[in-house]
Amino acid sequence: METLLKLRPIQEIRKNLTPSDGTLTTEEQIRVERSILKKFEDIQAIVANKPDLPELQKEQHKQYLMDSLVYLSSRFECLDASRAWLCYWILHPLSLMGVRLENTYKSQIAQFLAKCQSPEGGFGGGPGQYPHLASTYAAVNALMILGTDEAFKIIDRRKLYEFFMTLKQPNGSFAMQVGGEIDIRGAYCALAVASLTNIMTNELVRNTAEWIISCQTYEGGFAGCPGMEAHGGYAFCGLAALVILNKGHLCDNKALLRWLTQKQMKLEGGFQGRTNKLVDSCYSFWQGGAFPLLYSLLANDGLKPQGHLFDERALQEYILICCQNPHGGLIDKPGKPSDTYHSCYAISGLSVAQHVLNQKRVLGTYRNELASTHPLYNIRPDMVRKALLYFHSNSVKSM
Amino acid sequence: MSESTESSSDEGDSQRVLYKNRPEWQDITPLKQDDGDYPVVAIDYTLEFQDCFDYFRAIVHKKEYSERALELTQTAASYNAANFTVWQYRREILKALDKDLHEELKYIEKVILKQTKNYQVWHHRKVLVEWLKDPSKEKYFTEKALSKDAKNYHAWQHRQWVIKTFDLFDGELDYVEQLLKDDVKNNSAWNQRYFVVNNTTGFTEDVLSREIQFTLEKILELQDNESAWNYLRGLLLHDKTGLSRNKTVTEFCESLYKDGSRSPFLLALIVDMCSERAAEDGAGDGNNLYTVARAMELCNSLATNYDTIRAKYWEYTAETIEKQSKGEVVDEASSSTN
Ligand SMILES: [Zn+2]
């Protein structure tokens, strides 16, 4: 079933303006709401003559991402330990927009990522850097998107498994690097990579589901570690890791669903990461992307939804109308500069909003449509299938 | 999850002499970054950045733990504090040279206050406190960070770790109350309140009624505050009679409703009270306020009027409650929170 969505009526949006109450939280909220309402009003004024709006400016984003793949100015020195991430943040939105890379180019990217692999196993943020779980996740996802035998063969899975085991804690959690911080990202990054590359063992995941569930908070979301505040990025990591472990039944689904739906902002349409914080486009994926995982858990309880349980139209409005830089790339919120991280997760969130349970719900024209994304790994499902096929027919002996 | 955007490098790099021009580094051959034949996502490093990291790689390669290496890591961190290799290596040097860690604590304080949203710098501080077994400066330090941004996740995480590890709960509820006076919508402060109670007295009956009283007052102060409502739900997880049988809370909600409040948070709580009863005794015993019919009505008005952005969620909730009341699904109603 395919449906084209129309914009929310502006008078309905206006009703949602937050009244002032003297708190700092609300002052900041009102400032953001005003800038976003302005964007919605501007498009309403021209949409009558341009019925194709809002439009996903694929050409500009493609150009921005392809340029970033080649050259980054010295302003990006602060991302010198995130170059594996940069590869993923660039390749994934390109693949959702249907951009195909030439084989020689794929090979070059694969060779670069090979340089980031550590002799101890796992990947560092750049060549010669210490291995880290986050950059390992990013590098492996990027290699899966490349999807060539050359890319798959780069991963030294025996060493990778050894690296994971050095990070594993007795209580089930994972450190991000040797001697590094411990939080729920570690569990997700390790389990996502281990399940994709077929190196899961009982020993690797012992106590992990129990540790993850201890991060679910009284609000219903998940925190980075037990005791902390529920947070969108960590909620995705916790839920996805539980689903990989086939332990979704441990999660309080009802509380998580309530919290997730509450994180959608009534005027902006995008998601906030935490209660009483501001909208940010990257949570389009971290929060929005948790919904499909939750639907599968609800279905197990006999409560399968018929469509999205958040407002997929409002989310698409926020991303398309408020978060596109006309010169290419996507942004956190109006007034911010483009970056590859927000480009990746805003586009991913847009894809989630457009696809639900074999239905398509697209705002604008069908030219805005993106490929769907795998809810556990956030790469295209066809790429996940190809990788699983490869790694399951080539298992690591004696592990 | 936000990416750290451009960081400004430390003071004084205008006077910085390149390492390749320093006599004390003449014995070291700088090690270029090996990007392979086809670099991608290639950063156009400044001369100073490249010079510093060429020497850093050389030092790491030869595993030199020395004063000059320590100085070099400081320069490297000033160019890119998110480089976890630099911090890990710096810790190896600190250990090997048996350095004064109090000095290091002062240094990292300055670095953190300049970039408060960086995982590596907070972790570095945590390790130092672990090594020193001295948490005496940490509460004050995190308060300093929180005075700039009262919702800084890293600062709260560090504070919780210190408080729990070294049993420093004294005075924490007062601090939380002060923060809530500053901004009653500060959800991190509400979360900290839960953390303190959960790890000290626990939610005994007395504590529970005290906390409920506190929260209801805050809701009266400002109804449009999801944090307070969420905290109230958190408290009711510890009420053995459930969500819908605490008289203080139900009377409070009913009086708000009668006075005309249609806050979506209020209506949502009443819906869940009805849902709890529906799961317990089917269509409801007829005498209580929390019936399936009322839930249906509230879900409908939330979907069409008071909380339209969540219309689909309210429609789905109505369907679920109806199914439950007919016994079509078993509600696990499991509260897995601790
Ligand atoms: Zn963001």
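Naming: A, B, ... by sequence-line order, numbering from 1 per chain.
Both the backbone and the side chain of A:Gln262 come within less than 4.5 Å of a heavy atom in chain B. Using a 4.5 Å cut-off between heavy atoms, A:Arg274 contacts chain B through its side chain alone, with no backbone atom that close. No part of A:Ala255 comes within reach of chain B, as not one of its non-hydrogen atoms sits under 4.5 angstrom from that chain. Using a 4.5 Å cut-off between heavy atoms, A:Ser73 contacts chain B through its backbone alone, with no side-chain atom that close. Contact annotation for A:Arg313: neither backbone nor side-chain heavy atoms come within less than 4.5 Å of a heavy atom of chain B. Both the backbone and the side chain of A:Glu229 come within less than 4.5 Å of a heavy atom of chain B. Only the side chain of A:Gln177 comes within contact range of chain B, judged by heavy atoms closer than 4.5 Å. For B:Trp122, no part lies near chain A; criterion is any non-hydrogen pair under 4.5 Å. In this structure, chain B has a heavy atom under 4.5 Å from the side chain of A:Ile90, while its backbone stays farther away. With a 4.5 Å cut-off on non-hydrogen atoms, A:Met265 touches chain B through its backbone but not through its side chain. Heavy-atom distances place both the backbone and the side chain of B:Tyr153 under 4.5 Å from chain A. Neither the backbone nor the side chain of B:Asn199 has a heavy atom closer than 4.5 Å to any heavy atom of chain A. Of the atoms belonging to B:Gln157, heavy atoms from both backbone and side chain fall under 4.5 Å from chain A. Using a 4.5 Å cut-off between heavy atoms, B:Gln223 makes no contact with chain A at all. Looking at A:Ala114, neither its backbone nor its side chain comes within 4.5 Å of chain B, counting heavy atoms on both sides.
Looking at B:Lys117 and B:Asp149, a side-chain N of the basic residue comes within less than 4.0 Å of a carboxylate O on the acidic one, giving a salt bridge. Classification of A:Glu181 and B:Lys126 as a salt-bridged pair fails, no side-chain N sitting under 4.0 Å from a carboxylate O. Residues A:Asp301 and A:Lys254 are not paired through a salt bridge, judged by the lack of any N-O separation under 4.0 Å between the basic side chain and the carboxylate.
For the set B:Ile43, B:Asp37, B:Asn230, B:Thr308, the count of heavy-atom pairs under 4.5 angstrom toward chain A peaks at B:Ile43. By number of non-hydrogen pairs under 4.5 angstrom with chain A, the leading residue of B:Trp87, B:Tyr38, B:Phe195 is B:Tyr38. The residue among A:Thr26, A:Leu69, A:Asp67 with the most heavy atom pairs within less than 4.5 Å of chain B is A:Leu69. Taking chain A as the reference chain and counting heavy-atom pairs below 4.5 Å, the highest number among B:Ala42, B:Ala150, B:Ala268 is found for B:Ala42. When each of B:Lys312, B:Lys151, B:Glu319, B:Lys185 is scored by its heavy-atom pairs under 4.5 Å with chain A, the top score falls to B:Lys185. Of the listed residues (A:Thr18, A:Thr275, A:Asp332, A:Asp21), the greatest number of heavy-atom pairs within a distance under 4.5 Å of chain B belongs to A:Thr275. When each of A:Leu24, A:Asp311, A:Asp80 is scored by its heavy-atom pairs under 4.5 Å with chain B, the top score falls to A:Asp80. Per-residue counts of heavy-atom pairs under 4.5 Å with chain B were compared for A:Gln111, A:His132, A:Lys266; the largest is that of A:His132. Ranking A:Asn16, A:Asp183, A:Val70 against chain B, the residue ahead of the rest is A:Val70, based on heavy-atom pairs under 4.5 Å. For the set A:Pro305, A:Gly22, A:Gly307, A:Ala314, the entry with the most heavy-atom pairs within less than 4.5 Å of chain B is A:Pro305. Between chain A and the options B:Arg91, B:His61, B:Arg57, B:Glu226, heavy-atom pairs under 4.5 Å are most frequent for B:Glu226.
Side-chain contact check for B:Val86 versus B:Phe53: some heavy-atom pair is nearer than 4.5 Å. Using a 4.5 Å heavy-atom cutoff, the side chains of B:Trp156 and B:Asn191 are not in contact. By the 4.5 Å heavy-atom criterion applied to side chains, A:Gln129 and A:Ser135 are not counted as neighbours. No side-chain heavy atom of B:Asn187 sits less than 4.5 Å from a side-chain heavy atom of A:Thr25.
A:Phe236 pairs with exactly one of A:Tyr345, A:Phe285, A:Phe291 by the ring pair (Phe, Tyr, Trp, His ring centres under 6.0 Å) rule, that one being A:Phe285.
Using modelled atom types and a 3.5 Å distance limit, the side chains of A:Gln287 and A:Gln264 yield no donor-acceptor pair.
What you find for B:Thr215 and B:Ala228 is that their closest heavy atoms are CG2-O, 3.4 Å. Of all the heavy atoms in B:Ala311 and B:Ala303, the pair that sits closest is CB-O, 3.6 Å.
Classified by interplanar angle (parallel below 30°, tilted 30° to 60°, perpendicular above 60°), the ring pair A:Tyr283/A:His231 is perpendicular. A:Phe271 and A:Phe310 have perpendicular rings, their planes meeting at more than 60° on a 0 to 90° scale where under 30° would count as parallel.
Outside the 6.0 Å centre-distance limit, the rings of B:Tyr119 and B:Phe84 are not counted as a close aromatic pair. With ring centers used as reference points, B:Tyr194 lies under 6.0 Å from B:Phe203.
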